[in-house]
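What you see is a predicted model; the values in this text were computed from it and never measured.
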Amino acid sequence: MPEDVSILAMLGLTLLVLAAVAWTAVLVLLLRRARSGGAAERSGRDLSGLPRQRQAAPHLEAVELTPAEQDAFAGLVRRLGRR
């Protein structure tokens, strides 16, 4: 140990190096977990942070148009088609 460096300075440097090593280890662990999580998404597992999606489509409704409504709709389509 150098004579001009105090024990507290050496202890602080040691703790700083240990904290950097621990931070790097946690970062590597999180990156590996995220990388393997991408494979889990492709395998079909659900994501816990997203709401569940509907399995079936909602019921579709159909409305019968009168002949006058059909003619009005056809005229509207022709008018919009000219633009």
Side-chain angles (χ1 to χ4, degrees):
M1 181 168 89
E3 294 178 11
D4 59 336
V5 179
S6 69
I7 293 177
L8 289 177
M10 287 297 286
L11 182 62
L13 181 62
T14 304
L15 289 176
L16 186 62
V17 169
L18 287 175
V21 169
W23 179 81
T24 304
V26 169
L27 184 63
V28 167
L29 179 68
L30 289 175
L31 288 175
R32 284 185 182 171
R33 191 175 291 174
R35 191 176 300 154
S36 67
E41 289 176 20
R42 288 187 294 274
S43 70
R45 288 193 335 190
D46 292 337
L47 298 176
S48 61
L50 297 176
R52 289 186 108 18
Q53 301 295 314
R54 292 183 183 173
Q55 296 300 323
H59 178 69
L60 297 178
E61 296 181 10
V63 177
E64 293 292 326
L65 297 178
T66 64
E69 291 172 332
Q70 290 176 354
D71 291 339
F73 183 72
L76 178 64
V77 169
R78 279 193 301 272
R79 193 178 324 156
L80 292 175
R82 287 187 220 144
R83 294 183 186 175

Side-chain heavy atoms under 4.5 Å apart, restricted to Ile/Leu/Val/Met/Phe/Trp/Tyr: what other residues fall into the cluster of F73, or is it alone?
V77

Only counting residues at least two apart or in another chain, list the ones meeting side chain to side chain contact (heavy atoms under 4.5 Å, CB included) with E69.
L65, T66

For A20 and T24, which heavy atoms make the closest approach, and how far apart are they?
O-OG1, 2.8 Å

Following the transitive rule for hydrophobic clusters with a side-chain heavy-atom cut-off under 4.5 Å over Ile, Leu, Val, Met, Phe, Trp and Tyr, establish whether L8 and V17 coincide in one cluster.
no

